[in-house]
Amino acid sequence: MINMKWNIGNIEIKNQVVLAPMAGVSNPTYMKICEDMGVGYAITELISAEAIVRNNKKTLDMLKGIDTLNMPVAIQLFGSDPNVLATAAKIINDLYPEAIIDINMGCPVPKVAIKNESGSALLKNPQKIKEIVAAVVQAVDVPVTVKIRSGWDATSINAVSVAKVIEEAGAKAIAIHARTRSQGYSGKADWQIIKKVVDAVKIPVIGNGDILTCFDAKRMLDETGCKAVMIGRAVMGNPWLIKETVNYLEKGLLPETVSYDERIDMMEYHLQKLIQNSTEREAVLEMRGHILNYLKGLPENKEIKRFVCECKTSQEIFQVLEDYRKFLLLK
């Protein structure tokens, strides 16, 4: 068995598999599911620093249940004002004293990157990055980490210099998505950028981009020397990928086929957990999207997707899933 432990500051992470911060996905409910699958560390979906400072209830409710997780977690903040980010980080630190603070400097979505000049837009302003990281580090007594991209576009790939600035400002780890902002989630991730960042800084680097299988995860670790791999979109509707990756990296075990029954059980469990952490209506609306992901690759799923999207209550969803289970057992 290979020892996969590593540290962010004084916080020990048990393995090299990290759940990426994904809007509408990486909430405490899904983080718990991934914890059950063995993930070593997870980061919440991006949270508005401005909304935290304004004491916005809806935003604060997004973190409901985060303190029930038994693994290291980070709460990811986005914004562009160093004082606002520092104030928000302090509020979060007081509410959730165990949580690492992560700063989003990689989100490519126009609403974040262009309208608010935060997320990946900060890559165009290293001086501001330094001010933000330094202010947040000073405001809290937990490790601060940062997520970046390789650059704004192909003509401004500056991840190495940005990573050095982030390290100098006091951050304890960097996650890098090896695509530019202009690429969004298209094209191919350039893992050589991750390796260059690893070689340039002393703090741990988490690699992100194009990890679709446990074999990709091993290859990224070997090719780049990063401390851990961050899995994002490939885990949507497929939390088993976490377990497969941990088992492959730690013990060399090959993936096993996930049965139809296991998939249906997980969808029902996911919905039950969402109901516990939100209202029935919110749980149903969110779960519809998750189920569409869970159903990918399953037989004759088109009709089931349509039925699920028409469901108004959790009971209706459970009934559709049970009917589908019976259909699958006959396959």
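What you see below is based on every heavy atom in this structure, not just the backbone, and it leaves out hydrogens, waters and symmetry mates.
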[X] atom [atom1], neighbour heavy-atom count above 12 within 6.0 Å:
| X | atom1 | answer |
| --- | --- | --- |
| Glu50 | CD | no |
| Glu262 | CD | yes |
| Glu310 | CD | yes |
| Lys305 | NZ | yes |
| Glu98 | CD | no |
| Lys243 | NZ | no |
| Gln138 | CD | no |

Of all the heavy-atom pairs spanning [X] and [Y], show the shortest one and how long it is.
| X | Y | value |
| --- | --- | --- |
| Ile203 | Ala173 | CD1-N, 3.9 Å |
| Phe215 | Pro255 | CZ-CD, 3.9 Å |
| Asn56 | Thr59 | OD1-N, 2.9 Å |
| Pro239 | Ile33 | CB-CG2, 3.8 Å |
| Gly79 | Ser118 | O-CB, 3.2 Å |
| Lys227 | Pro204 | CG-CB, 3.7 Å |

[atom1] of [X] to [atom2] of [Y]: how many Å apart, nearest 0.5 Å?
| X | Y | atom1 | atom2 | answer |
| --- | --- | --- | --- | --- |
| Arg288 | Cys309 | CZ | SG | 6.5 Å |
| Ile317 | Met287 | CD1 | CE | 7.0 Å |
| Lys196 | Ile176 | NZ | CD1 | 10.5 Å |
| Asn27 | Ile47 | CG | CD1 | 9.5 Å |
| Asp81 | Lys128 | CG | NZ | 7.0 Å |
| Ile231 | Met220 | CD1 | CE | 9.5 Å |

Hydrophobic cluster membership, [X] vs [Y], 4.5 Å side-chain cutoff:
| X | Y | value |
| --- | --- | --- |
| Tyr30 | Tyr269 | yes |
| Val140 | Ile8 | no |
| Leu292 | Val25 | no |
| Val18 | Ile148 | no |
| Val235 | Ile206 | no |

(request) Run the numbers on Asp261 and Arg325 for salt bridge (charged side-chain N to carboxylate O under 4.0 Å, His left out), then give the verdict. (result) CA-CA 7 Å; Asp261 254 344; Arg325 187 197 297 270; 2.6 Å; yes

(request) Give me the one residue out of Val73, Leu19, Ile100 that meets side chain to side chain contact (heavy atoms under 4.5 Å, CB included) with Tyr41. (result)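 When Val73, Leu19, Ile100 are each tested with Tyr41, the side chain to side chain contact (heavy atoms under 4.5 Å, CB included) holds only for Ile100.
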
(request) Carefully, step by step, assess Lys90 and Val136 under the rule side chain to side chain contact (heavy atoms under 4.5 Å, CB included). (result) CA-CA 8 Å; Lys90 179 70 172 71; Val136 173; over 6 Å; no

(message) Pairing donors with acceptors under 3.5 angstrom, does anything connect the side chains of Glu12 and Asn7?
(response)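 Short answer, no.
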
Side-chain ([X]) to main-chain ([Y]) donor-acceptor, under 3.5 angstrom:
| X | Y | result |
| --- | --- | --- |
| Thr87 | Val53 | no |
| Glu35 | Met71 | yes |
| Gln319 | Gln315 | no |
| Glu250 | Met4 | no |
| Thr68 | Gly65 | yes |
| Asp216 | Thr213 | yes |
| Asn93 | Ala89 | no |
| Trp6 | Asn15 | yes |
| Lys164 | Val201 | no |

Pairwise side-chain contact, [X] with [Y], heavy-atom cut-off 4.5 Å (strictly under):
| X | Y | answer |
| --- | --- | --- |
| Leu298 | Leu295 | yes |
| Asn208 | Lys147 | yes |
| Val133 | Ile103 | yes |
| Glu45 | Met22 | no |
| Ile291 | Leu321 | yes |
| Asn247 | Glu244 | no |
| His270 | Tyr294 | yes |
| Ser26 | Ile43 | no |

(request) Please lay out, stage by stage, how Ile129 and Ile166 fare under the test side chain to side chain contact (heavy atoms under 4.5 Å, CB included). (result) CA-CA 7 Å; Ile129 287 175; Ile166 288 167; 3.7 Å; yes

(message) Would Arg149 and Tyr185 count as a cation-pi pair here, with the cationic atom under 6.0 angstrom from the ring centre and within 45° of the axis?
(response)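 Yes - Arg149 lies over the ring of Tyr185, closer than 6.0 Å to its centre and within 45° of its axis.
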
(request) In sequence, state the C-alpha distance, the side-chain angles, and the governing distance for Leu329 and Tyr260, and then conclude on side chain to side chain contact (heavy atoms under 4.5 Å, CB included). (result) CA-CA 8 Å; Leu329 289 174; Tyr260 295 152; 6.0 Å; no

(request) Dump the intermediate steps for salt bridge (charged side-chain N to carboxylate O under 4.0 Å, His left out) on Glu223 and Lys218, then the final yes or no. (result) CA-CA 9 Å; Glu223 288 182 13; Lys218 178 75 165 68; over 6 Å; no

(request) Considering only NZ, NE, NH1 and NH2 on the basic side and carboxylate oxygens on the acidic side, decide whether Glu268 and Lys273 come within less than 4.0 Å. (result)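 Lys273 and Glu268: not salt-bridged.
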
(request) Starting from the C-alpha separation in whole Å, work towards a yes-or-no answer on side chain to side chain contact (heavy atoms under 4.5 Å, CB included) for Leu60 and Asn55. (result) CA-CA 7 Å; Leu60 290 166; Asn55 198 31; 3.1 Å; yes

